[in-house]
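Data block below; observations after.
Every number for a ligand or one of its atoms is a count from 1 in the order of the listing.
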Amino acid sequence: MNALGIDIGGSALKGAPVDTKTGRLLAERHRIATPANLTPTQMARALRQIVEHFDWSGPIGVGFPGVVQGPLIRTSANLHPRFIGCDAGKLFSRVAGCPVALTNDAAAAALAEMRFGAGRGFAGKTLLLTLGTGVGSALAYQGVVMPAELGHLPWKGGRSAEKHVAASVREKKDLSWAKWGGRLTKYLAVLETMFWPELIIIGGGISAKHAKFFPHLRTRAKLVPAQFFNEAGIVGAALHGAAQR
Ligand code: BGC
């Protein structure tokens with residue numbers, strides 16, 4: 001089955017129709033930059049532009065950067081606060097004119113990587129992190145993906161760990177790869193103590209530059225970049241959308 005996958009991020013939303021049997025994009029992805037902090041209603045309109053761009057009618061899956069419970073959004077650390085408590089499943093479905101199923105953006109990326117990418121065929125404990133505006137996380141075991149919020153682990157001074165280790169922090173603070181790698185290594189060590197993953201998959205836009213920072217990371221688990229790089233979120237959202245039918 002084909003489904004439209006849409007990945008809502010801190011600076012843009014991106015979408016493409018996906019063949020959910022193979023994980024392949026059926027058309028070049030469409031990206032809409034969101035420099036302003038969009039409200040849920042404005043986001044729904046932007047989402048409709050993607051639907052119209054592909055002249056889409058059919059199942060839609062959306063990955064959102066916050067805690068998602070059913071159709072409800074519970075947290076919105078890096079997007080508009082009005083998303084908190086919003087029934088985005090209902091709002092997006094109404095505005096898009098097609099059924100929309102929501103999931104967490106990192107859980108979507110993990111679905112794609114475990115089904116078709118870096119975790120394909122691996123049944124052991126896996127930790128996937130997406131490094132972008134924030135830090136997204138999901139765990140997988142025996143092929144089952146579990147969304148997590150490890151980016152909000154209290155870190156130095158009690159602030160969320162993502163405020164120290166996200167890719168956006170490296171850029172903003174102009175940290176060297178070595179310095180950022182050192183921060184990530186400390187963070188990963190704590191996560192390894194808690195979960196003992198056998199495989200760690202690093203996703204997000206920055207994963208395309210893994211050759212620059214992987215040499216600075218030390219982990220017990222095998223460490224690999226996401227195979228879909230930044231497209232895992234789109235593919236996984238589509239998988240989620242198709243599964244909800
Ligand atoms: C959110 C997560 C999300 C991550 C990456 C965090 O701030 O709480 O839900 O997966 O950012 O977008």
Side-chain angles (χ1 to χ4, degrees), residues 5-15 31-35 37-38 40 43 46-47 61-86 88-89 92 101-114 119 126-140 145-156 158-172 180 183-184 187-188 190-191 195 197 200-208 225-226 228-237 239-240:
I6 298 179
D7 185 23
I8 296 181
S11 52
L13 64 167
K14 294 161 274 179
R31 180 178 191 275
I32 297 178
T34 51
N37 198 5
L38 304 190
M43 187 66 81
L47 192 131
V62 171
F64 181 85
V67 173
V68 173
Q69 293 178 335
L72 300 181
I73 290 174
R74 295 295 190 188
T75 69
S76 175
N78 297 302
L79 291 188
H80 202 287
R82 254 189 245 162
F83 276 109
I84 300 168
C86 171
F92 291 171
L102 276 189
T103 188
N104 171 261
D105 57 352
L111 270 183
E113 291 294 334
M114 297 315 289
T126 306
L127 166 67
L128 174 132
L129 292 181
T130 61
L131 306 175
T133 308
V135 173
S137 54
L139 296 160
V145 168
M146 160 89 178
E149 285 292 330
L150 306 176
H152 294 289
L153 194 75
W155 208 241
K156 292 182 181 165
R159 291 176 85 208
S160 288
E162 69 176 18
K163 302 277 181 224
H164 295 270
V165 300
S168 60
V169 175
R170 187 193 70 85
E171 265 175 43
K172 222 178 292 157
W180 186 54
R183 286 188 180 194
L184 273 175
Y187 174 61
L188 286 167
V190 173
L191 301 185
F195 300 106
I200 299 177
I201 304 175
I202 302 290
I206 199 79
S207 58
F228 284 98
F229 294 126
N230 217 11
E231 263 158 28
I234 295 177
V235 174
L239 291 177
H240 181 72

Could you pull out every N or O of ligand 1 that sits under 3.5 Å from a protein N or O, with the distance for each pair?
unit_1: ligand 1; atom_1: 7 (O); unit_2: N78; atom_2: ND2; d: 3.2
unit_1: ligand 1; atom_1: 7 (O); unit_2: H152; atom_2: NE2; d: 3.1
unit_1: ligand 1; atom_1: 7 (O); unit_2: E162; atom_2: OE1; d: 2.9
unit_1: ligand 1; atom_1: 7 (O); unit_2: E162; atom_2: OE2; d: 3.0
unit_1: ligand 1; atom_1: 8 (O); unit_2: E149; atom_2: OE1; d: 2.7
unit_1: ligand 1; atom_1: 8 (O); unit_2: H152; atom_2: NE2; d: 2.8
unit_1: ligand 1; atom_1: 9 (O); unit_2: G66; atom_2: N; d: 3.2
unit_1: ligand 1; atom_1: 9 (O); unit_2: N104; atom_2: ND2; d: 2.9
unit_1: ligand 1; atom_1: 9 (O); unit_2: E149; atom_2: OE1; d: 3.4
unit_1: ligand 1; atom_1: 9 (O); unit_2: E149; atom_2: OE2; d: 2.6
unit_1: ligand 1; atom_1: 10 (O); unit_2: N104; atom_2: ND2; d: 3.2
unit_1: ligand 1; atom_1: 10 (O); unit_2: D105; atom_2: OD1; d: 2.5
unit_1: ligand 1; atom_1: 12 (O); unit_2: D105; atom_2: OD2; d: 2.6

Close side-chain approach of P65 to I8, heavy-atom, < 4.5 Å = yes
Are V135 and L129 close enough that some pair of their side-chain heavy atoms sits under 4.5 Å apart?
-> yes
Side chain to side chain contact (heavy atoms under 4.5 Å, CB included) against F195, all qualifying residues, sequence neighbours excluded = L139, L150, P197
Using the test side chain to side chain contact (heavy atoms under 4.5 Å, CB included), find all partners of A107 that sit at least two apart in sequence or belong to another chain.
-> T103, N104, V145, P147
Give a yes or no on whether R183 atom CZ has more than 12 heavy-atom contacts from other residues, nucleotides or ligands under 6.0 Å away.
-> yes
Under the side chain to side chain donor-acceptor pair (under 3.5 Å) rule, what pairs show up with a residue in residues 160-169, not counting sequence neighbours?
-> N78-E162, H152-S160
